[in-house]
Undergrad: 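Next up is a structure, given as C-alpha cells.
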Amino acid sequence: MQKQENNLMEKIVSLCKRRGFVFPGSEIYGGLAGIYDYGPTGVELKRNLKEEWAREMFRRHESIFQIDSSILMQKRVWDASGHTAAGFTDPLQECKKCHHRFRSDHLAEVGTTKCPDCGGQLTEPKKFNLLVETHLGPVKDDSSLTYLRGETTQGIYVNYKNIKITARAELPFGIGQIGKAFRNEITPGHFTYRMREFEQMEQQYFVHPDQAEQYFDYWKKERMRWYLDLGMRKENLRFRPHAKDELAHYAKAAEDIEYHFPFGWHEMEGIHNRGDWDLSRHSEFSGENLSEIDEKTGKKFYPYIIETSAGADRLILAFLVDAYSEEKDRVILKLHPKLASYKAAVFPLLANKPQLVEMARKIYNDLKKDFTVDFDDRGNIGKRYYSQDEIGTPFCITVDFESLEKDDVTVRDRDTMKQERIKISDLKHRIDMVLFK
Ligand code: ATP
C-alpha cells in the first residue's frame, strides 16, 4: 500500500514536470527546498483555482470585500499577532546527534519518534519562530528587522477599519484576499503540500460574538460544498475537529477540511472561530480602537472572527491527485472543466495540408478570444490526444477534410473518448455548456 501511494506521488510529480505544471525552484542550481515554480499549464490551473475561489467569495456571497495587502508589514503586527512571542509558535524537536530540527506535528504525521534524517534521539518539543526574516533599508540592525508575512490574514486585520469605513460595511461582513505567504518550514515536503513560499486564499468573516457559532457552521458547509462543486470526490474529503489541546489558546473552535492525499489524510483548509483575539490585540498594540458598540446593550465588544484559510498550492496538489487516473494506455487528468488549464485544443488532422492548418488556426484564434485554448499540429493525432489528456483538456477539436466542405469538426471528449461532429459555429456554446453547468 505504502509503495503504491509513493508511486502515485512520483507519477504526479513527474507529470507536473513533463506537462509544464510545476518545476522545482532554481532547478538548474540543484533546487531549493520547499520552493517550486509554476510553468505554463500550472499557471493557468492555479489562476483558475484562484478565480473560482474569488468568484465564490466575492460574487456568490454578499458583503465580502477584497483586499490586496502588502507582504511586508511593520514588525509590530507580528508582535500583536503573537507570531514573535516565545511560547506561541510551533513546537520543534531537535535531533541530539545531527542537530536537525523537526516540527512535532509533522513527526507525528509521518509517525516517527526518531530523527528522520539520522535516526538519532530527539529532544522534548520546544517553541520556534517560523517567520522568514528580512531587513528594510540600508542598515541591517534590530530596528530594520521585519518579516515576510507568514499568513495573509494579518493584512486583513490591519485594514479592518479602512474597509469597514470605505465599504460602509456592517457586521456581519467578510474581507478576503489571495496572496503569497512565507514560512521557514523545518521539514518542507510532499511536493507542493508543504512549501516555504506559497499562496493563501483567506477570508475573515467578522461577526457579533452571539453569531459566531452559527457562522462557524455556515462556513464549514459552504467551504465543503465548494470542493464538491468543483468535482472533488466526496470519499476523499472529511472534516477533522481540532482537539482541545491542539487549539491555539485564543481559538474557540477549529476544524480542518482534510483531503486523502497519497501520504494520508491531511489538512487542506482550516476553518477557525478565532474569537476576539485578533481585533483586541491589534487595538491594544496599535492604539487604534477596533471595537464596536452593541446597539441593544450599548456595551463595547470586539467582533469575533470566523476564518476560512486555504493554500492554493496545497489545493492544486489535492485536485491533481483527485483528477489523476489511468485507463489502459492513457493517463488522464479528469479536472473539472472550470479548473482545466485549457478548455479545448485545436488540431489540424494533418500538419502538411495548408487548408486544414489554416482552418484550424482560424478556429483557434476565434476560440481563444473567449477561452484558454491550445493549438497543436505536431506528431500523430493519437499522441496529441494523449498529451491533452495528461493536461486535462476537456475537448480536442480536429479539423479534417470533411470540415472544409461541411463547416464542422470532430470534438473528442476527454473522459469518454467519444467523438461527435459539431458545427464550427456551435463550438463556443458547447464549451460554455460544460463550464457553466
Ligand atoms: P500545517 O499544520 O499543515 O502546517 P497550518 O495549520 O499551520 O498548516 P494555517 O496556518 O491554518 O496552516 O494555514 C492555512 C492553510 O494554508 C493550510 O490549510 C494550507 O492549505 C496552507 N498552508 C499552510 N502552510 C503551508 C505550507 N507550508 N505550504 C503550502 N500550503 C500551506
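In each ligand, atom 1 is the first atom listed, and ligand 1 is the first ligand listed. For clarity, every value in this text was computed on a predicted model and none was experimentally measured.
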Undergrad: How close does the nearest protein non-hydrogen atom get to atom 29 (C) of ligand 1, and which residue and atom is it?
TA: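 Ranking protein heavy atoms by distance from atom 29 (C) of ligand 1, first comes Y193 O, 3.2 Å.
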Undergrad: Nearest non-hydrogen contact with atom 7 (O) of ligand 1 belongs to which option: R183, H266, E267?
TA: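 Closest candidate by heavy-atom distance is R183.
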Undergrad: Does the side chain of H242 pick up a donor-acceptor pair with the side chain of D256 at under 3.5 Å?
TA: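 Indeed, the side chains of H242 and D256 share at least one donor-acceptor pair under 3.5 Å.
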Undergrad: Heavy-atom contact under 4.0 Å between E199 and ligand 1?
TA: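 No, E199 has no heavy atoms under 4.0 Å from ligand 1.
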Undergrad: Looking only at protein heavy atoms, which one is nearest to atom 16 (O) of ligand 1, and what is the separation?
TA: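 Nearest neighbour among protein heavy atoms for atom 16 (O) of ligand 1, to 0.1 Å: Q200 NE2, 3.2 Å.
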Undergrad: Set out, in order, the CA-CA distance, both residues' side-chain angles and the distance that settles ring-ring contact (aromatic ring centres under 6.0 Å, His included) for Y193 and H266, then state yes or no.
TA: CA-CA 9 Å; Y193 179 83; H266 291 289; 5.6 Å; yes
Undergrad: Quick one: look up the protein heavy atom nearest atom 14 (C) of ligand 1 and list residue, atom name and how far away it is.
TA: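 Of every protein heavy atom, S309 OG, 2.8 Å lies nearest to atom 14 (C) of ligand 1.
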Undergrad: Establish, for the pair R240 and W265, whether the NZ or CZ atom is under 6.0 angstrom from the six-membered ring centre and no further than 45 degrees off its axis.
TA: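 Not flagged: R240 not positioned over aromatic ring of W265.
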Undergrad: Return a yes/no value for G311: is any of its N or O atoms, backbone included, closer than 3.5 angstrom to an N or O of ligand 1?
TA: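 Checking ligand 1 against G311, an N or O pair does fall under 3.5 Å apart.
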Undergrad: So if I count the atoms of ligand 1 from 1 in the order they appear, which ones are less than 4.0 Å from some heavy atom of H272?
TA: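 So the atoms of ligand 1 that pass are 11 (O).
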Undergrad: Verify the neighbour count for atom CD of Q121: are there more than 12 heavy atoms of other residues, nucleotides or ligands below 6.0 Å?
TA: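 12 or below, so no.
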Undergrad: Return a yes/no value for M195: is any of its N or O atoms, backbone included, closer than 3.5 angstrom to an N or O of ligand 1?
TA: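 Yes, there is a polar N/O contact under 3.5 Å.
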Undergrad: Among all protein non-hydrogen atoms, which one is nearest to atom 22 (N) of ligand 1, and what is the separation to 0.1 Å?
TA: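 Answer for atom 22 (N) of ligand 1: F198 CE1, 3.5 Å.
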Undergrad: With heavy atoms only and a cut-off of under 4.0 Å, state how R196 meets ligand 1: side chain, backbone, both or neither.
TA: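 Looking at R196 and ligand 1, no heavy atom falls under 4.0 Å.
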Undergrad: Do Y259 and D322 have side-chain atoms, one donor and one acceptor, less than 3.5 Å apart?
TA: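 Looking only at side-chain atoms, D322 and Y259 do form a donor-acceptor pair, the distance falling under 3.5 Å.
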Undergrad: R103 versus ligand 1: do any nitrogen or oxygen atoms come within less than 3.5 Å of each other?
TA: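 In this structure, R103 places an N or O atom under 3.5 Å from an N or O of ligand 1.
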Undergrad: Taking only heavy atoms of M268 into account, list the atoms of ligand 1 that are under 4.0 Å away from them.
TA: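 Those qualifying, in numeric order: 18 (O), 19 (C), 20 (O).
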Undergrad: Would you list the atom pairs, donor with acceptor, under 3.5 Å between side chains in residues 169-180 and any protein atom, with sequence neighbours excluded?
TA:
| residue | atom | partner | partner atom | Å |
| --- | --- | --- | --- | --- |
| Q177 | OE1 | S69 | N | 2.9 |
| Q177 | OE1 | S69 | OG | 3.4 |
| Q177 | NE2 | S69 | OG | 2.8 |
| Q177 | NE2 | T152 | O | 2.9 |
| K180 | NZ | E197 | OE2 | 2.8 |

Undergrad: With sequence neighbours excluded, give me every ring pair (Phe, Tyr, Trp, His ring centres under 6.0 Å) pair touching residues 11-45.
TA: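 For residues 11-45, and leaving out neighbouring residues, the ring pair (Phe, Tyr, Trp, His ring centres under 6.0 Å) pairs sorted by first residue read Y36-F191.
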Undergrad: Please compare R194, E151, E185 and report which has the shortest non-hydrogen distance to atom 4 (O) of ligand 1.
TA: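 Heavy atom nearest to atom 4 (O) of ligand 1 belongs to R194.
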Undergrad: Cation-pi check, K220 to F239: give yes when NZ or CZ is under 6.0 Å from the six-membered ring centre and within 45° of the ring axis, no otherwise.
TA: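 Verdict for F239: a cation-pi partner in K220.
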Undergrad: Answer yes or no: does atom CD of E258 have more than 12 heavy-atom neighbours from other residues, nucleotides or ligands under 6.0 Å?
TA: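 Yes - once you tally the heavy atoms of other residues, nucleotides and ligands closer than 6.0 Å, there are more than 12.
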